[in-house]
Amino acid sequence: MRKLTALSLATVLTATPALADEGMWTFDAFPAARMKAAYGWAPDQAWLNRVQAAAVRLTGGCSASFVSGEGLILTNHHCVAQCAADLSSKDKDYLADGFIAADRAREMKCPGQQAEVVTSITDVTPRVTQAIGTLAGQALTKARDAAIAGIEAENCTDTATTRCQVVTLYGGGQYKLYKYRKYSDVRLAWAPEFAAAFFGGDPDNFNFPRYNLDASFLRAYENGKPAVTPQHLTWNPRAPIASEATFVVGNPGRTQRLLTQDQLEIQRELSLPLTVTLLSEFRGRLIAAGEQSPERKREAADTLFGIENSYKVYWGQARALDDNAFAARLAQNEAELKAKAGKGAGDPWADIARADADYRNMFLDYYFLEQRAGWGSQLYSYARTLVRAAAEREKPNAERLPGYTDSQLPLLEKQVTDPVPTYPWLEKTALSFWLSKTREYLTADNRQVKALLGRDSPEALADRLVDGTTLADPAVRARLFEGGMAAIRASKDPMIQFALKNDPAARALRTAYSEKVDAPVTAAQAKLARARFAAYGPANYPDATFTLRISYGKVMGWTERGQQVPYSTTVAGLYERATGQDPFVLAKAYAEKKAQLDLNTTFNFVTTNDIIGGNSGSPVIAKDGSVIGAAFDGNIHSLGGNFGYDPALNRTVVVSTAAVQQALEKVYPAPALVRELAAR
């Protein structure tokens, strides 16, 4: 992997203008002239407007698109896996067996899910930067957050159908107001078997060739009826064409391509090694627990899938930063920007370095007690959210923590109160893991570790909290949310009291981080953004922020150690690759239906589009505006894409609409969906 990373990242230019097909561009700054120079054509504003209106963000961390006028949403199977798992029981496993709604009345609501479509993007940079002025420290972050809360509240008075979010771009160089049309009732319509969606399992993850039917359909509802969505993409179940232009439209989660050398060192030395180590250990615990019974294996399946995927992502990022050639290139890029910026930019690099010195001192405490507190325990997450929501709602909107303002509360309440199954053994595993690792890394003598554990062991405390809590009941959570701080203080629930007791220390860490790290870094990054624009003009794009972006590229394979990797696979390859042994076992339906299938149908294909996590489910759109696939992965080289992009090797992996159409017709028949997709 180290050698592959060196090859794929040696040409990355992090601080310089975007190259070739590089870039996750905002819709209000699409580089049409740049694309036209490279491709001889670029979409006009009308094309962009149509596509933007059809693009969907799912609050579970994925992307999607409307593909019919009746609220039908195309996304990845792994984006609906939690929904399928939440709807399952010991008698019916929708994650393993798949789900096909015989009619719309039997489409099933996904707990906690919300679909959002961007309706406008407005530059609010002057208002936010004016509020910040020359402030520093906690005064800066409070002024910034208050301005953002005010903008969101003023622009989204109808919180039943709209959501507003002020997004920070270039680390503080720009602030944009994204206004969304939201759909809070999202239902599962169709999903294949897990074995079909994730054929090849973890060994094939982030690799190619692939043979994955990683696609599913949701539907947005309003007032109990399918939403009317006239702005949708045209379904086009055809094979991709070599070198044809493609667009990926979605919500990439996060990139760190604009980090300074000092910030990259924090990632390389502290954050990535710790996260990789913890994910690896927790993965082992889940695998061992799953071997105890088929029911535990089912209950842990979606969590384990997420942990394995995250482990591989962070491991790949760590290997990228350990590559000497890549590190040297990043250092050279920073030196080039410093030279172009000159003395007029001041020394924002030194400002960030000083902030990072403080961050190093608080890193472990902040990581375990605030950033990763609970380590995936759903019950602890409920408790902490309820405690903080109650406390924040007693404050004026402008003084609340981000995430608890009036514009964010409707989604927060939905996610806290929607019915989601929890499994006591899994909760205890996550909670005891967090407590034991917190004690291990902060030491048993740490004041807050003593406050967390008292005289309990991590395992005994986790058992007591999980066995005693009533937060698994959504009605209890709803009453606590509605009752506010009075209900929280009166609650005898041990998980609530545990969160209430320990929240002040976590808040103190958050305040210290805000004052010593966030504030000075925000001010410094605003200076860096101005320096980049002065040096490189509009040939810049901001780091990904899980907001709507568009990338352009083409259908193209690549050369791997002297061998050409083809740009597509066919259904025939699925059967050739199957061994009968996990994870290369054919899904039951594919094993039974082979004789009925056209084995030459394109299954998966790759493009040069620049994507990152969060783009999962993004429509892959042809020049004519039709959807020909859904992005579901990147190749192994794309793991370094958090820090940079190489057009020669980075690839997006896509499930073809041709394969999905075949599945809808012959493998997992859904004739009503076939008719709906064919309608224009």
Side-chain angles (χ1 to χ4, degrees), residues 1-26 61-63 76 78 205-208 210 246-259 263-264 267-268 271-272 275-276 309-323 325-327 329-330 333 540-554 556-560 565 605-618 620 630-654:
M1 175 63 191
R2 184 182 177 91
K3 183 175 182 180
L4 293 178
T5 301
L7 288 171
S8 66
L9 297 174
T11 60
V12 168
L13 298 177
T14 308
T16 54
L19 297 176
D21 296 337
E22 177 186 352
M24 303 172 200
W25 303 90
T26 58
C62 281
S63 300
N76 289 152
H78 73 261
N205 196 19
F206 294 108
N207 285 303
F208 196 80
R210 297 286 287 279
T246 52
F247 300 85
V248 170
V249 175
N251 301 274
R254 185 184 71 158
T255 55
Q256 295 172 304
R257 298 181 183 182
L258 303 182
L259 294 186
Q263 289 171 311
L264 289 171
Q267 293 292 314
R268 188 181 67 81
S271 182
L272 288 173
T275 302
V276 168
N309 188 70
S310 295
Y311 170 78
K312 206 162 190 178
V313 168
Y314 288 115
W315 180 81
Q317 291 178 6
R319 298 287 69 75
L321 289 184
D322 278 341
D323 177 75
F326 183 40
R329 188 58 183 168
L330 292 178
N333 294 339
N540 279 286
Y541 59 92
D543 267 321
T545 53
F546 195 50
T547 50
L548 189 62
R549 303 294 178 91
I550 179 170
S551 71
Y552 65 85
K554 63 176 72 72
M556 179 185 288
W558 76 98
T559 301
E560 184 75 50
V565 179
F605 64 95
V606 293
T607 74
T608 62
N609 292 88
D610 190 5
I611 69 166
I612 201 73
N615 271 122
S616 290
S618 294
V620 177
F632 72 90
D633 205 357
N635 65 355
I636 196 71
H637 305 286
S638 72
L639 291 173
N642 186 50
F643 308 109
Y645 170 84
D646 177 10
L649 292 170
N650 283 35
R651 291 295 181 269
T652 293
V653 184
V654 186

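Any value given below was found using the heavy atoms of this structure, including those in side chains, with hydrogens, waters and symmetry copies removed.
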Mark yes or no for whether [X], through its side chain, and [Y], through its backbone, hold a donor-acceptor pair below 3.5 Å.
X    : Y    : result
T275 : L272 : no
D633 : V653 : no
R651 : M556 : yes
N76  : A631 : yes
N650 : D610 : no
S63  : G614 : yes
D543 : L258 : yes

What closest approach, in Å, do [X] and [Y] show between heavy atoms, and which atom pair accounts for it?
X    : Y    : answer
P252 : T547 : CD-O, 3.7 Å
A320 : G640 : CB-CA, 4.0 Å
L548 : N251 : N-OD1, 3.1 Å
G617 : A630 : O-CB, 4.4 Å

I'd like to check [X] versus [Y] (side-chain heavy atoms, cut-off strictly below 4.5 Å). Are they in contact?
X    : Y    : result
P542 : T26  : yes
Y645 : T608 : yes
V249 : S618 : no
Q267 : L259 : yes

Taking atom [atom1] of [X] and atom [atom2] of [Y], what is their separation to the nearest 0.5 Å?
X    : Y    : atom1 : atom2 : result
N642 : Y314 : CG    : OH    : 8.5 Å
S310 : W315 : OG    : CH2   : 15.0 Å
I550 : M24  : CD1   : CE    : 13.0 Å

Check side-chain contact (heavy atoms from CB on, under 4.5 Å) between R268 and all other residues, then give those that pass, not counting sequence neighbours.
E265, L321, D322
Just to verify, what does V313 make a side-chain contact (heavy atoms from CB on, under 4.5 Å) with, not counting sequence neighbours?
F206, N309, Q317, L639
Would you call the rings of F643 and F326 parallel, tilted or perpendicular, where under 30° means parallel and over 60° means perpendicular?
tilted
Evaluate side chain to side chain contact (heavy atoms under 4.5 Å, CB included) for V276 paired with Y311, printing each intermediate quantity in order.
CA-CA 6 Å; V276 168; Y311 170 78; 3.5 Å; yes
Residue pair N635, V606: steps toward the side chain to side chain contact (heavy atoms under 4.5 Å, CB included) verdict
CA-CA 9 Å; N635 65 355; V606 293; 6.0 Å; no
Checking K312 now: which residues fulfil salt bridge (charged side-chain N to carboxylate O under 4.0 Å, His left out) with it, not counting sequence neighbours?
none
Take T255 and Y541, measure what side chain to side chain contact (heavy atoms under 4.5 Å, CB included) needs, and give me the verdict at the end.
CA-CA 11 Å; T255 55; Y541 59 92; 5.7 Å; no
Apply side chain to side chain contact (heavy atoms under 4.5 Å, CB included) to residues R210 and V654 and explain how you reach the verdict.
CA-CA 9 Å; R210 297 286 287 279; V654 186; over 6 Å; no
